[in-house]
Q: 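Here's a structure for you.
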Amino acid sequence: MKKKNLFTICAASGLCLIFALALVWGMSIYAEKSGTQEFEPQPAKNESSDMITELMADDSQTEPEINDGNRDSEAKDNAGPAETEDGADDTAAGSTDNAPATDSTEDGLINIWRAMYAEYKKDGSSLQSGQEDDASLQRIRADEAVLILLKEVNRIYPQDSLADLKISYMSLECSTIPNSNIVYWTGKLENGYGPTDAGYRSYSCQIDSISGKIVSFGKFRPYQKDVDYTAISWTDEEIKEQAKQLTERYDLSQGEELDWENVEIYNAQEEINSLKQEFEARPDLSRCIHNALNFENYSLCLDWETGELGNYLWVERTMP
């Protein structure tokens, strides 16, 4: 009886061993076919996790494509200030490093703009977004308008310092022409000097709020009461020749044909002759005098003392 029980136990143990070996062999075959995998517990699904998953999926679908290693250069070419709730540069407030004044690159100008806006916001000021009146018009933002102005300053006056400029204002203004529906960004940048100091400079503009075209642009610097500007003189032909040179050098006509033969020239000699009396009457006078050339749809002014561009203005009714 004992022998029979012992045989039964041994047989059962043998069968268990055979099944165990078969199971190990089967698992080894499965592992070879499927590869080694670690077990990851699956979290219970809820609405929050589903939403995060969807957002991550959306972000991955909108990730910019990498194009033959040129992604960084394309990003720099298309770089511009990011819009915040008030329409200004999102990173401006966190950046206070001024770019070199001679840096004429896109990145350099944007860095100058960011530092400029960070300074502007210190007193709680903000720029309009350009969408307060009618978002469907797709106006350019105020920060874009300031950057357009900054680029034009750098283009026309490359020798002027940019890093010391401050935002005076940039606001939306309707055209004063009757029955016109054009709205401009009107603004000004200026440095930290007083308006009568020799070092003072300001740059003003009107920019079409839809197209981004500069309609008027100018630089102001105050003449000094102790300087004799009557020692300088211009003939009409000299004024015209100087204007032609500046127009060609900076493409001031923007592709428009200008009638140089019939242009009206204003010589500011009379103003210069009376300037001394003006300073005597008003010691705090901030004044600058220009020679002017008036075309059918365009005006160009030249600084009397330096001959550099004072300002230009496109007449609204014939703007392309």
Q: Looking only at non-hydrogen atoms, find the nearest pair between Ser216 and Leu313 and report the distance.
A: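 The pair with the smallest heavy-atom distance is CB-CD1, 3.6 Å.
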Q: Within the structure provided, determine whether Arg201 and Ser161 are in side-chain contact (heavy-atom separation under 4.5 Å).
A: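 Yes, side chains in contact.
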Q: Is Arg221 paired with Glu305 through a side-chain N to carboxylate O contact shorter than 4.0 Å?
A: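 Yes, Glu305 and Arg221 are salt-bridged.
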Q: Nearest 0.5 angstrom please: Phe279 CZ to Arg287 CZ, how far?
A: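 The CZ atom of Arg287 is 8.5 Å from CZ of Phe279, to the nearest 0.5 Å.
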Q: So Leu162 and Leu109, do their side chains get closer than 4.5 Å, heavy atoms only?
A: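 The answer is yes; the side chains approach within 4.5 Å.
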Q: Do the side chains of Ile289 and Ile239 join up, straight or via other hydrophobic residues, at under 4.5 Å, putting them in one cluster?
A: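 Result: yes, single cluster for both.
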Q: Is a donor on one side and an acceptor on the other found under 3.5 Å between the side chain of Asp197 and the backbone of Tyr193?
A: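 Judged by distance alone, no pair lies under 3.5 Å.
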Q: Please answer: with hydrophobic residues joined when any side-chain heavy atoms are less than 4.5 Å apart, are Leu252 and Leu150 in the same cluster?
A: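 Yes: a chain of side-chain contacts under 4.5 Å links Leu252 to Leu150.
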Q: Just wondering, do Thr247 and Trp260 contact through their side chains at under 4.5 Å, heavy atoms?
A: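 A side-chain contact under 4.5 Å exists here.
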Q: Considering residues, nucleotides and ligands other than Glu257, do more than 12 of their heavy atoms fall under 6.0 Å from its CD?
A: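 Open.
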Q: Of all the heavy-atom pairs spanning Cys174 and Val183, show the shortest one and how long it is.
A: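 Nearest heavy atoms, Cys174 then Val183: SG-CG2, 4.2 Å.
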Q: Is there a donor-acceptor contact under 3.5 Å from the side chain of Gln242 to the main chain of Gly307?
A: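 Looks like yes, one N/O pair under 3.5 Å.
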Q: Are the side chains of Ile140 and Ile207 in contact, using a 4.5 Å heavy-atom criterion?
A: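 Yes, their side chains come closer than 4.5 Å.
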Q: I'd like to know if Lys151 pairs up with Glu106 as an ion pair, taking the criterion as any Lys NZ or Arg NE/NH1/NH2 lying under 4.0 Å from an Asp or Glu carboxylate oxygen.
A: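 Counted as a salt bridge, because a side-chain N and a carboxylate O are separated by less than 4.0 Å.
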Q: Out of curiosity, Asp208 CG to Ser175 OG, how far, rounded to the nearest 0.5 Å?
A: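 Here the interatomic distance stands at 10.0 Å.
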Q: Is Lys166 paired with Glu190 through a side-chain N to carboxylate O contact shorter than 4.0 Å?
A: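 Looking at Lys166 together with Glu190, the answer is no, because their closest N to O distance does not fall below 4.0 Å.
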Q: Looking at every non-hydrogen atom in both residues, tell me the closest pair between Gln224 and Tyr229 and how far apart they are.
A: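 For Gln224 versus Tyr229, the nearest heavy atoms are N-OH, 2.7 Å.
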Q: Any Lys/Arg nitrogen of Lys244 or Glu241 sitting under 4.0 Å from an Asp/Glu carboxylate oxygen of the other?
A: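 Not counted as a salt bridge, because no side-chain N and carboxylate O are separated by less than 4.0 Å.
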Q: What are the two closest heavy atoms between Asp303 and Trp234, and how far apart are they?
A: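 Closest approach of Asp303 to Trp234, heavy atoms only: O-CZ2, 4.5 Å.
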Q: Under the criterion side chain to side chain contact (heavy atoms under 4.5 Å, CB included), I'd like the reasoning laid out for Phe217 against Asn311: C-alpha separation, chi angles, the key distance, then a yes or no.
A: CA-CA 5 Å; Phe217 168 81; Asn311 57 68; over 6 Å; no
Q: Considering all heavy atoms of both residues, which atom of Asn294 and which atom of Ser299 are nearest to each other, and what is their separation?
A: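 Heavy atoms only, the tightest pair is OD1-OG, 2.9 Å.
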Q: Using only atom types and a distance under 3.5 Å, with no angle test, would you say the side chain of Lys225 pairs donor to acceptor with the backbone of Lys276?
A: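 The answer is no, because no donor-acceptor pair under 3.5 Å joins these two groups.
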Q: Can a donor-acceptor pair be found, under 3.5 Å and without considering hydrogens, that links the side chain of Asp228 to the backbone of Thr230?
A: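 Side chain of Asp228 to backbone of Thr230, a donor-acceptor pair under 3.5 Å: yes, one is there.
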Q: Using a strict 4.0 Å threshold on nitrogen-to-oxygen distance, state whether Asp160 and Lys219 make a salt bridge.
A: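 Yes, this pair counts.
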Q: Are Tyr223 and Trp304 close enough that their ring centers fall under 6.0 Å?
A: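 Ring centres of Trp304 and Tyr223 not closer than 6.0 Å.
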Q: Could you tell me whether the side chain of Glu238 and the main chain of Thr235 form a donor-acceptor pair under 3.5 Å?
A: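 Such a contact is found between Glu238 side chain and Thr235 backbone.
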Q: To the nearest 0.5 Å, what is the distance between NE2 on His290 and CG on Leu302?
A: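 CG of Leu302 is found 8.0 Å from NE2 of His290.
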Q: May I ask whether Tyr312 and Phe220 are part of the same hydrophobic cluster, defined by side-chain heavy atoms of I, L, V, M, F, W, Y residues being less than 4.5 angstrom apart, directly or through others?
A: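 No; tracing contacts between hydrophobic side chains, which count when under 4.5 Å, never links both residues.
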Q: Distance check, rounded to the nearest 0.5 Å: Leu293 atom CG versus Asn291 atom CG?
A: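 Taking CG in Leu293 and CG in Asn291, the distance rounds to 8.0 Å.
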Q: I would like to know whether Ile112 and Tyr117 meet side chain to side chain contact (heavy atoms under 4.5 Å, CB included); could you show each step before the answer?
A: CA-CA 9 Å; Ile112 291 172; Tyr117 184 67; over 6 Å; no
Q: How about Asn179: does its CG atom have over 12 heavy atoms from other parts shown lying under 6.0 Å from it?
A: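 No, the 6.0 Å shell around CG holds no more than 12 heavy atoms from other groups.
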Q: Checking Asn262 side chain against Asp259 main chain: does a donor-acceptor pair fall under 3.5 Å?
A: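 No, the answer is negative, given that no donor and acceptor are paired below the 3.5 Å cut-off.
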Q: Enter the distance from Arg139:CZ to Leu172:CG here, rounded to the nearest 0.5 Å.
A: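 Interatomic distance, Arg139 CZ to Leu172 CG, rounded to 0.5 Å: 6.0 Å.
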Q: Can you tell me how far CG of Asn267 sits from CD1 of Ile272, rounded to the nearest 0.5 angstrom?
A: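 That separation rounds to 9.5 Å.
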Q: Before you tell me yes or no, could you show the steps for Asp236 and Lys240 under side chain to side chain contact (heavy atoms under 4.5 Å, CB included), namely the whole-Å CA-CA distance, both residues' side-chain angles and the distance that decides it to 0.1 Å?
A: CA-CA 6 Å; Asp236 289 359; Lys240 182 190 292 188; over 6 Å; no
Q: Show, in sequence, the C-alpha distance, side-chain angles and deciding distance for Val315 and Phe295, and conclude whether the side chain to side chain contact (heavy atoms under 4.5 Å, CB included) test is met.
A: CA-CA 9 Å; Val315 179; Phe295 300 88; over 6 Å; no
Q: Answer whether the closest heavy-atom distance between the side chains of Glu271 and Tyr266 falls below 4.5 Å.
A: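 In contact.
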Q: Looking only at heavy atoms, what is the nearest atom pair of Glu256 and Trp314, with distance?
A: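 So the minimum-distance heavy-atom pair works out to CG-CH2, 3.5 Å.
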Q: Crowded around Glu270 CD? As in, over 12 foreign heavy atoms under 6.0 Å?
A: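 Open: at most 12 neighbouring heavy atoms sit under 6.0 Å from CD of Glu270.
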Q: Considering residues, nucleotides and ligands other than Glu248, do more than 12 of their heavy atoms fall under 6.0 Å from its CD?
A: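 Count not over threshold, so no.
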Q: Can you hop from Tyr203 to Tyr200 via hydrophobic side chains spaced under 4.5 Å?
A: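 No: no chain of side-chain contacts under 4.5 Å links Tyr203 to Tyr200.
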Q: Could you see if Trp185 belongs to whatever hydrophobic cluster contains Tyr169? Use Ile, Leu, Val, Met, Phe, Trp, Tyr and a side-chain cutoff under 4.5 Å.
A: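 In one cluster: no.
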Q: Taking the side chain as every heavy atom from C-beta outward, state whether Leu189 and Met116 have any atom pair closer than 4.5 Å.
A: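 Yes, their side chains come closer than 4.5 Å.
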